[in-house]
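We count residues from 1, following the sequence as given.
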Amino acid sequence: MKISALLSFFAVLILSALPASAMSPNEKLVYDVSWTGVKAGTTTQELSTKGNELHIVTTTRSTPWLDTFFRVEDRAESVVVRGSGDRFGFPKYFRNKISEGSHRRLKEARFDQQKLKVESKDLLHKTQRIDDISATTYDPLSIVYYVRTLDLVPGRSLFVDIYDCKKLWNTEVKVLKREEIETPVGRFKTIVVQPMMKADGFFARTGEVKVWLTDDALKIPVMVSTKVKIGKIKAVLTGGSYWPQAAQKTD
C-alpha cells in the first residue's frame, strides 16, 4: 500500500464539521500523518462560510524525505449549500486534484438537488458523465460533515450515500465504542467509528480504518489510524486555529 494513497484518504476523513447552529465562520485544523512512527506528511483543512454556502478545502503535502522519491501534493474542495434549521444541507460542487509521484488526477462534480442528478468530468481525459443520485447523496468531503451531525451510538451502524465522481456508494459506518485518548493538543473523550470503505480513490479499501471523534456536539476528528501490510499509518490533530476543549486527565 502506497503511503500517498493513505495521505489522500486522511485528507477526506480529517474535516472539521460543526452542526449548522454552532458553525464557526472560519476554521483551520492541522494534522501530522505518520507511518510506523515517522512523520510522512501534513494535512490541513480550512472551512469558510460565504453567504449560505460552506467552502471546505483540504490539502495534503508530503514531508521533504518522502518528496525525494514520491512527492504528494493533493487538494480537494467541496461547496455545500447550507440547510435551514437543523437540516444539514446538500453538496453543490466537488473538485479533486491528485498529484502523487507520476500519478495525476483532476475530476469535478456538479450536483443538481432538484433533478437528483450529478454531472461529473474527468478534466485530464476530457470525459464526462451524468448519474442519478439519492436525495441524501454527498461527495467525499461533505459526507463527513453530514455524519458528524448525526447521533452516534456505540454498537450501532449508519449508512451513507457517497458519490466519488464515478459511482454512487452506499457505505456502512460502524460506531464501535467510547475511548479516552492522548494527543499533542490534549487528552480527549472520543467516540470511535469505523467506515467500511468500498469505493475508489479517497474511499478505497485500505485496511482496518478507525476514526476518533470528540464525544461532544462537535465530533471533531482528533485521530485516524489504519493498518497496512507493513506497520500502521496514523493522523493526529496537532494544531490550527481551532480544536475542541481537552478532557481532564484521569488517574
Side-chain angles (χ1 to χ4, degrees), residues 2 4-17 23 26-29 31 41-62 71-83 88-148 160-171 195 197-206:
K2 295 179 180 178
S4 58
L6 287 159
L7 291 178
S8 297
F9 169 74
F10 286 127
V12 173
L13 289 183
I14 300 170
L15 298 173
S16 172
M23 188 68 66
N26 295 287
E27 186 174 283
K28 180 179 181 180
L29 295 178
Y31 298 80
T42 300
T43 291
T44 300
Q45 178 271 315
E46 296 183 79
L47 165 71
S48 61
T49 58
K50 298 180 181 180
N52 70 333
E53 295 180 347
L54 303 177
H55 290 245
I56 313 163
V57 176
T58 302
T59 57
T60 300
R61 301 286 187 270
S62 50
R71 182 180 179 85
V72 176
E73 191 171 1
D74 297 342
R75 185 180 192 275
E77 62 180 298
S78 177
V79 177
V80 178
V81 178
R82 299 178 69 174
F88 169 69
F90 53 88
K92 176 181 178 182
Y93 176 76
F94 174 70
R95 183 181 177 93
N96 179 19
K97 181 180 180 181
I98 299 295
S99 176
E100 301 173 352
S102 60
H103 176 62
R104 300 288 186 274
R105 183 169 62 186
L106 181 58
K107 295 184 179 182
E108 67 177 20
R110 297 182 183 276
F111 296 81
D112 188 327
Q113 188 71 11
Q114 298 298 320
K115 297 180 180 179
L116 292 182
K117 299 285 186 179
V118 57
E119 179 183 15
S120 60
K121 295 181 179 180
D122 186 324
L123 301 177
L124 295 183
H125 294 91
K126 308 298 182 184
T127 60
Q128 64 183 63
R129 57 186 294 159
I130 295 178
D131 292 302
D132 295 325
I133 57 174
S134 69
T136 55
T137 294
Y138 296 93
D139 62 66
L141 289 183
S142 61
I143 189 62
V144 183
Y145 256 90
Y146 171 67
V147 167
R148 291 174 54 197
V160 293
D161 288 337
I162 305 166
Y163 183 78
D164 64 354
C165 294
K166 186 166 61 176
K167 187 175 180 179
L168 182 64
W169 299 88
N170 185 252
T171 301
M197 304 306 174
K198 296 179 181 180
D200 294 334
F202 283 164
F203 282 81
R205 166 68 72 174
T206 55

Asks: Tell me every residue that passes side chain to side chain contact (heavy atoms under 4.5 Å, CB included) with R129, counting only those two or more places apart in sequence or in another chain.
Replies: S120, D131, Y163, K166
Asks: Under 3.5 Å, is there a donor-acceptor pair between the W169 and D164 side chains?
Replies: yes
Asks: Any salt bridge between R61 and E73, counting N to O under 4.0 Å?
Replies: yes
Asks: Could you walk me through whether L124 and R104 pass the side chain to side chain contact (heavy atoms under 4.5 Å, CB included) check?
Replies: CA-CA 8 Å; L124 295 183; R104 300 288 186 274; 3.8 Å; yes
Asks: Does Q113 use its side chain to pair, donor to acceptor, with the backbone of A135 at less than 3.5 Å?
Replies: yes
Asks: For D112 and I133, work out which heavy atoms get closest and say how close.
Replies: O-CD1, 4.5 Å
Asks: Side-chain contact test, heavy atoms from C-beta onward, threshold under 4.5 Å: evaluate it for Q45 versus I56 and give yes or no.
Replies: yes
Asks: Calculate, to the nearest 0.5 Å, the distance between atoms CG and NE2 belonging to L141 and H55 respectively.
Replies: 13.0 Å
Asks: With a 4.5 Å cut-off on side-chain heavy atoms, are V79 and L54 touching?
Replies: no
Asks: To the nearest 0.5 Å, what is the distance between CD on Q128 and CZ on R110?
Replies: 11.5 Å
Asks: What do the steps show when you test N170 against V160 for side chain to side chain contact (heavy atoms under 4.5 Å, CB included), and what is the final call?
Replies: CA-CA 6 Å; N170 185 252; V160 293; over 6 Å; no
Asks: So, for D74 and I98, which heavy atoms are closest and what is the spacing to 0.1 Å?
Replies: OD1-CA, 3.5 Å
Asks: Of the non-hydrogen atoms in D122 and K107, which two are nearest, and what is the gap between them?
Replies: OD2-CE, 3.6 Å
Asks: State, to 0.1 Å, how close D139 and F111 come at their nearest heavy-atom pair, and which atoms those are.
Replies: CB-CZ, 3.9 Å
Asks: Quick one: pull up OG1 in T137 and CD1 in I143 and give me the separation to the nearest 0.5 Å.
Replies: 8.5 Å
Asks: Check salt bridge (charged side-chain N to carboxylate O under 4.0 Å, His left out) between D132 and all other residues, then give those that pass, not counting sequence neighbours.
Replies: K117
Asks: Of all the heavy-atom pairs spanning V118 and A109, show the shortest one and how long it is.
Replies: CG2-CB, 3.9 Å
Asks: So which pairs with a foot in residues 45-55 pass salt bridge (charged side-chain N to carboxylate O under 4.0 Å, His left out), sequence neighbours left out?
Replies: E53-K92
Asks: Run C165 and F94 through side chain to side chain contact (heavy atoms under 4.5 Å, CB included) and show every step you take.
Replies: CA-CA 9 Å; C165 294; F94 174 70; 3.8 Å; yes
Asks: Would you sort out whether L123 and E108 count as a side chain to side chain contact (heavy atoms under 4.5 Å, CB included), showing the intermediate values?
Replies: CA-CA 8 Å; L123 301 177; E108 67 177 20; 4.1 Å; yes
